[in-house]
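Heavy atoms only: backbone and side chains are in, while hydrogens, waters and symmetry mates are out. Counting starts at 1 for both ligands and their atoms, in listed order.
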Amino acid sequence: MDDDVYEKYRRAGKIAAEARDYGAGLIKTGVSFPNVADSVESRIVEKGGGVAFPVNISVNEIAAHYTPRHDDKLVFKKSDVVKLDVGVHVDGFIADTAVTVEVETNEYEDMIKASSDALDAAIDMIKPGVNLGDVGKKIEETIKSYGYKPVENLTGHSLECYNLHSGISVPNVSTKLGRVKPRDGDVLAVEPFATNGKGHVISGKGSNIYLCNKSFRSRFVRENRSKVVFKKIKAEFKTLPFSQRGCKKIFPNTADIILRRLTFLGTLKQYPQLVEQNHGIVTQKEHTVILKDDGCEVTTI
Ligand code: MN
Ligand code: MN
């Protein structure tokens with residue numbers, strides 16, 4: 001990896017780690033979701049990073065993919081199991097990291113430790129040429145040793161410039177798939193999820209997280225107004241996901257109408273929330289690593 005690129009990944013990692021820990025400290029009973037999401041995203045920008053994806057705040061049986069709207073009324077409640085997932089980029093080079101916080105109580109301490117230990121065990125194994133099926137097996141064994149299940153259909157992923165999922169998956173269960181072996185200089189986000197539910201997520205309601213549809217070009221949009229708006233969105237967020245809150249910063253009065261219209265036209269897609277199938281509680285921990293020498297460097301600590 002080029003020195004300049006390496007430095008950018010490391011800077012993104014430092015900012016993401018700091019923003020994640022800062023955000024985790026804000027999660028308290030009665031605090032609103034948009035308060036935490038906005039504070040973390042502002043912190044990222046203050047520190048010189050870009051928001052690689054909206055801060056995800058996914059609670060209890062929601063494993064991933066929820067970000068609050070600007071006027072979201074949700075507040076944290078006692079015993080909520082909160083996954084705070086933060087993405088930062090420096091010139092497109094991304095760090096992706098998550099932590100689980102239980103509000104006030106310690107009822108799910110073990111399940112939080114299960115995903116955290118699984119992540120540590122995976123990181124210990126990851127090096128150029130590693131079989132990612134074996135990494136998944138280790139994650140699965142570690143989580144099961146605590147009496148929980150890994151979420152089988154959520155995976156870690158490789159990262160590239162302005163690309164949050166560049167093709168390689170890091171499984172959370174033992175699998176023969178994924179024969180692609182990561183190489184020196186590859187960047188991976190590793191993210192075990194543990195649950196007391198089924199170990200499988202399904203799509204739920206809207207997440208308030210959007211992405212420009214890759215196959216669409218603005219010239220396919222017939223209406224002039226939508227065309228201009230779409231170009232602005234693409235210029236601001238490029239190939240990265242963005243939120244209703246982010247859209248509101250560019251279009252203070254019309255964000256909701258625009259998002260509805262462009263989603264209807266198919267130029268944007270809204271991600272669904274990912275919900276545990278049996279409504280089990282879910283915990284997650286995530287770090288980003290750069291593969292080098294005979295191991296890997298964690299950028300997000
Ligand atoms: Mn993440
Ligand atoms: Mn990730």
Identity of the N, O or S atom of E191 lying closest to the Mn ion (ligand 2):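 Per the distance ranking, E191 contributes OE2 as its closest N/O/S atom to the Mn ion (ligand 2).
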
I57 with L74, same ILVMFWY side-chain cluster at under 4.5 Å: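 Yes, I57 connects to L74 through the hydrophobic network.
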
Metal site the Mn ion (ligand 2): N/O/S of E286 inside 2.8 Å: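 It does: E286 brings an N, O or S atom closer than 2.8 Å to the Mn ion (ligand 2).
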
Quiz item: cation-pi between K232 and F230, 6.0 Å / 45°: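 Verdict for F230: no cation-pi partner in K232.
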
Within the 6.0 Å centroid threshold, strictly below: F33 and F76: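 That pair passes the under 6.0 Å test.
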
Closest approach to the Mn ion (ligand 1) by D96, given as the N, O or S atom name: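 The D96 atom nearest to the Mn ion (ligand 1), restricting to N, O or S, is OD1.
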
Plane angle bin for F237 and F242 - parallel if under 30°, tilted between 30 and 60°, otherwise perpendicular: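 Taking F237 first and then F242, their aromatic rings lie parallel (interplane angle under 30°).
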
